[in-house]
Every structure is written in C-alpha cells, then in structure tokens.
Amino acid sequence: MKQGSRSPQGIQTSFPFVSVSEKGRKGIIALNKEKFVQYLLKSVEIELTEAEKLYKEIEEELSGFHGANAFQFLEKILSSKLEPYSAKKSELKSKIKLTDNAGVVLRKRYLLRKPNSVLETPEELFRRVAHAIAEADRLYGDFDPEEIEEKFYKMMSSLEFLPNSPTLMNAGKPGGQLAACYVLPIEDSVDSIFETLKQTAVIQKSGGGTGFNFSKLRPKNSFIQTTQGLSSGPISFISIFNSVTDTIKQGGTRRGANMAILNVDHPDIVEFIHCKESGGLVNFNISVAVTDAFMKAVKRNENYKLIHPQTAAVVEELNAADLFNQIVEAAWKTGDPGLVFIDKVNEQNPTPHIGKIESTNPCGEQPILPYESCNLGSINLNTILKDGEIDWEKLSKITKTAVHFLDNVIDANAYPIPQIEAITKANRKIGLGVMGLADLFAKKKIRYDSQAALDLADKLMSFIQKTAMEASEELASKRGAFPNFKGSIYDKAGQKPLRNATVTTIAPTGTLSLFAGCSSGIEPIFARSYIKEVLEGEKLPEVHPEGIPTAHEISAEWHVRMQAVFQKYSDSAVSKTVNLAHDATTEDIRKAYLLAYELGCKGITVFR
C-alpha cells in the first residue's frame, strides 16, 4: 500500500478515514465508519456489505492493539485485508481517456477479474487483445507480429476502433471464443432440436449470440408417425430455447440473446406474429421472413398460400394485406415482429453455391449461413475529425488496420464446435461498421433528419466500404482468397480475389459505445438525458447537449432513409431500431415497413 504523508510531528495523517485522539503520538487512533466505507468503495472493487464487514474487522483489531505505532499497524492490516480486492487504484491511473460510464462498463464486463478483484488495467486489456490477435500473423509470415501488435494496440487504446465484446473479453484467454454472431440450423426432429439447443448453450456461455429459423418444424397439431401423437409446433420449441437462454450467462458477464425467424408461408405464422404480446420470450427478438412475392401480394391485396414444411401441401390461404396489418399491429404493441426481406438477403448472398441464408444474428445485422459465425468491429466516428473536417487519410488507415485485425480474429478464435470453424474459415466473413454517427453530426452541426446528414453518411460509408474491400484484396494477395471464393458472386472477370466474403456491416454497439464514450451505432441519441440500465441493473447516466434531435423527435421516414444509406454500402445488413414517439400510429409503422422494403433494406425493426 502507498505510504501516506506525515505531519511535522511525525503522525501519519493521509488516511481520510482516521481520527487521531489527543494521545495520537502514542498511537491511539479510530476509524470513521462512513469515510472508511466510502474510501473502500472508491478505491477497490468491493460490495457495500463487504466494506462494512471489513470496517468491523479492522476496528476490532485496532481496539486490541497496544503498540507504539498504530498507523503502521493499520497500514499492515489494510494491506492484508485489501489484497483480494486490488482493483480500482490501477484503473484510476489509466492514461487512456475514459468516461465514468466507460470505467463502470470496463470493470463489470471487459477487464479480466477474479471474484473480488479486477486483474488488469485498460492498457493491459488492449495489450492482451492486441498481442493475441497479432500473433495470428505468424501463421502466414507476411507481417511482423510485434509491429502489427503496436498498430492494433494504438488503434484500440485511442478508441478509434473496438472489436465486438467477445474479442475484448476473451482474446488471450485459454479457449477464447471471439465471435459475436452465430446462426444454427434446426431440422424437424427431436434430435436436431436438442442438439442445436446444446450448441446454443455452449455458444452463449462463451459470449456469442444465436439466430435460428424455425420454419422447418412442422406446424402445431401435425401428426407424428413415430409417436402417433401430434406436434406442439415451432412456438413451443422457441419457448424451450428461451428458458435455456435464461439460465445461461454469456461469457459470465451478460445474458444470452437470440433471433427467431419464421417464414411468412409457415402455417403457424399467425401464432408467431402474436407470440410476444403476452410478455414471454424475453430472450428473443423475432422477425418474419417475407418474400418479394408476399410483398407484392400485400400491395395488390391478394391472397397467398401457407405451405406445410414437410409435405409441401397448401394448408390454407390468407389475405396478404390482412396478415401484414397483423404484423404491424403486433409491432405497434410490442416492437416485434420485425421483418427480414429474405429475397433481398439471398440476392446479395456472397456464396449462393454453398447454401441459402435463412436467419440472422440476434440484432439482424448479420444474415449468415447455418453454422456460420462472424466477428464484428466498429470505427468510432468521434475520432476522425481534424479541424472540424473528416480526416480521410486517418479514416483510411483505421479501416485497413481494422480489416487486418478482424481477419486475424478468424484464425485466433477458439471455435465452440467443428462445423462452425469449418464454414467460418471457408468464407472468412468479417463485419466492419461504425459508431458515434450522431456525435459526428452534432460536431458538424448537421441535423440527423436532414439531407445533409444522408449525404455525409453516404460519403462516409461508401469510402469505408471501398477502402475495406481494397484491404481485403491486399490481404488476399498475400494470404490467398477465402476458400469458397470460386463460385461466389465475386468470381467473375475483372474482380480481384478477396480475403473475406463480406467486409462491412452495421452493428448496434450497445455497451461497446459506452466503452468508447460515443453514440450507439448509426442511431440518433435516444434522449438528451436518461438513465441507461445495463450489466444486470447497473444504472448509467447519459447527458447530451440541447439542440440535438432525439430518436423520438425524428420521423420514421428519416430513420429508414438513414438505414437505407448505410445498407447501400454494407455487404451484410444494418442493425437499426426505428424508435418512434409513444403516440405513433400503426399507420406510421406500416409506412416504415413498406419504405424499408422499397429502399432496399434487408430488414427493419421498430419500437415506440
């Protein structure tokens, strides 16, 4: 423990919780309980009840001490008692500029720790991650790992770029699972369902989010030949997945998250649309996979067919416009279901020869193949201004270094199951996106809901997309194209080989943006001041300047148009919530859903 200062009389007085009696020179001292407890809470990682318990223990030991130097004795006791709680004193000395909220998020989620103490500083976290990811260069011999480690470290420690949470939490640890996004297949058998359930638990325990399409499951009350009984339908199995997720804590730091998708022609689609209205399935986002044919039928007010997934028989016909209205009304009530424009997704599937895309990760930004995973990272747009203008040279360097980083993650990752490793390394998808867009607009005095904002977003993301593709081409020239390149949409005359089947995506960056001290993803600010509850009840205050339009003050049309701009330059998809005012109508949501389809978005989610 750090030595305190001494008064001219030689009595140590630096402990703010110590009161000295008139006989202080003889070593008689006492602790102020309130000050002592506050000192502990500010200085080390400790709970209030533990701090109060330590106060009692130290008081008892002091009362039994009759030696000549009580201060020295107290210092010895404190060093011994606080050794298991060695935490915040190192973090407070961090040279990295972090907000108070970032400090909380770091301690609670990202820094290595044992039960009662934090084991690393922010600098050490970034060094751990930079070293682990740069080591993957040794597989190829094309870069100096030590030099690349410094680049990665500088990029992260300056908060110019941050990878997804599993990479920050797990890189450099034994069995470190580094990817954020997974999609798992579900076939129509008990064996398949519960094998997928087991795989889900393994993935979520290590920090990944999972997406599923339940459309291959036979509808409720279908006859089961093997048991001579009736099936319970996909919604009942979604409930089982929800219950299991409730007991799994991702990476020991956060609850699991899932996406459930059901095709619009599944016979149980009506039940699915309304399944969250009773308040269940809290660990799932749900979306309806709608086709171009369905959307045309909506516009023409025509019927469409529900198809049994096992027999391909037509079970029923529904009016498409009526069902679309049910989707809109359910979304107005609960925020679910969203829509996935599945034909648009597969139109841009980079590897159609490998398979069709059926689902996305929990937030919808990664439409990926069954068993595929993807690791993500985001550029902090708060860091790219120079004298009020975008520093394009700096943005280019960050983008290229970030692509290198994310490609290395694929090799550094410890995959939870062999099928995931095989297809992930065959396609090598990465997802580079942005965060801090609203902050950038504010600094440049541009309203989020303006054509100027759309124009700047277009210029920004087109630049990032172009630069990221160039970086992937450069890596391919050294390391080879992704193994499934032949037969992919890029396998054509004049196209250089690519290292990665996808390079860009827009993730929501929830706690990641708190870490970076910037606005989330491409969202406008949620409110000018509010309390954000994260990390199992931790309440973090957020305050923004007046004059910046908030999410609820921006019309649905501007939300969707901003999403469409970023989708235009994203290989994968865009995670964005169209946050509406509480008095928004079902017609507002209906228009938003239709506009998203017309503008070429791959999906849409609303909330009011």
Side-chain angles (χ1 to χ4, degrees), residues 181-188 196 209-219 233-235 237-238 241 258-276 281 284-299 304-310 312 315-316 318 320-328 330-331 334-349 352 355-372 563 567 572-576 589 592-594 596-598 600-606:
C181 310
Y182 294 83
V183 164
L184 295 175
I186 299 180
E187 302 296 330
D188 188 47
T196 297
T210 42
F212 319 89
N213 189 312
F214 288 86
S215 300
K216 292 179 182 176
L217 301 190
R218 68 193 73 188
I235 285 75
F237 287 106
I238 296 173
F241 277 71
N258 303 283
M259 169 66 82
I261 290 177
L262 200 69
N263 295 348
V264 73
D265 61 359
H266 192 282
D268 286 353
I269 191 62
V270 173
E271 182 185 3
F272 179 77
I273 288 167
H274 300 286
C275 69
K276 292 192 73 171
L281 304 181
F284 268 90
N285 294 324
I286 68 169
S287 286
V288 177
V290 296
T291 60
D292 289 342
F294 173 79
M295 294 302 292
K296 289 176 182 176
V298 170
K299 293 179 180 179
Y304 82 106
K305 297 172 182 178
L306 302 184
I307 309 296
H308 194 291
Q310 299 305 307
V315 174
E316 186 181 357
L318 297 178
D322 287 346
L323 188 87
F324 189 78
N325 288 337
Q326 288 190 58
I327 293 172
V328 166
T334 69
D336 280 301
L339 297 180
V340 173
F341 303 115
I342 199 69
D343 288 341
K344 182 70 173 178
V345 166
N346 277 296
E347 177 188 318
Q348 297 180 6
N349 175 5
K356 291 185 68 173
I357 294 173
E358 302 172 346
S359 186
T360 74
N361 71 315
C363 292
E365 74 271 19
Q366 280 303 128
I368 46 181
L369 296 168
Y371 283 123
E372 202 166 18
Q563 179 178 336
Q567 183 60 80
S572 296
V574 176
S575 176
K576 180 170 185 353
I589 294 173
Y593 278 9
L594 291 173
Y597 176 71
E598 291 167 4
C601 296
K602 292 182 180 178
I604 183 170
T605 302
V606 300

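Just so it is clear, the values below take in all heavy atoms, side chains as well, and ignore hydrogens, waters and symmetry mates. Bear in mind the structure is a predicted one, so any value in this text is a computation, not a measurement.
- Panel note: side chain Asp292, backbone Asp343; no donor-acceptor pair is recorded below 3.5 Å.
- Here the CD-CD1 distance, from Gln567 to Ile604, works out to 12.0 Å after rounding to the nearest 0.5 Å.
- The aromatic ring centroids of Phe212 and Phe241 lie less than 6.0 Å from each other.
- Of the possible polar contacts, none joining the Gln310 side chain to the Pro219 backbone as a donor-acceptor pair under 3.5 Å is found.
- Tyr597 and Phe341 have tilted rings, their planes meeting at an angle from 30° to 60° on a 0 to 90° scale.
- A side-chain donor from one of Asn213 and Ser215 sits under 3.5 Å from a side-chain acceptor of the other.
- At distances below 3.5 Å, not a single donor-acceptor pair connects side-chain atoms of Asp268 with backbone N or O atoms of Phe272.
- In this structure, Lys216 contributes its side chain and Pro185 its backbone to no donor-acceptor pair below 3.5 Å.
- In terms of modelled atom types and a separation under 3.5 Å, the side chain of Asn361 and the main chain of Gly211 share no donor-acceptor contact.
- Side-chain N or O atoms of Asn285 include none that pairs as donor or acceptor with a backbone N or O of Cys363 at under 3.5 Å.
- Distance alone, capped at 3.5 Å, places no donor-acceptor pair between the Asn349 side chain and the Val345 backbone.
- The backbone N or O of Cys275 lies less than 3.5 Å from no partner atom in the side chain of Asp336, so there is not a single donor-acceptor pair.
- Checking each of Leu318, Val270, Ile269 against Gln326 for a side chain to side chain contact (heavy atoms under 4.5 Å, CB included) leaves exactly one that passes, namely Val270.
- The closest donor-acceptor contact from the side chain of Tyr304 to the backbone of Val264 lies under 3.5 Å.
- In this structure, the side chain of Asp188 engages the main chain of Arg218 through a donor-acceptor pair within 3.5 Å.
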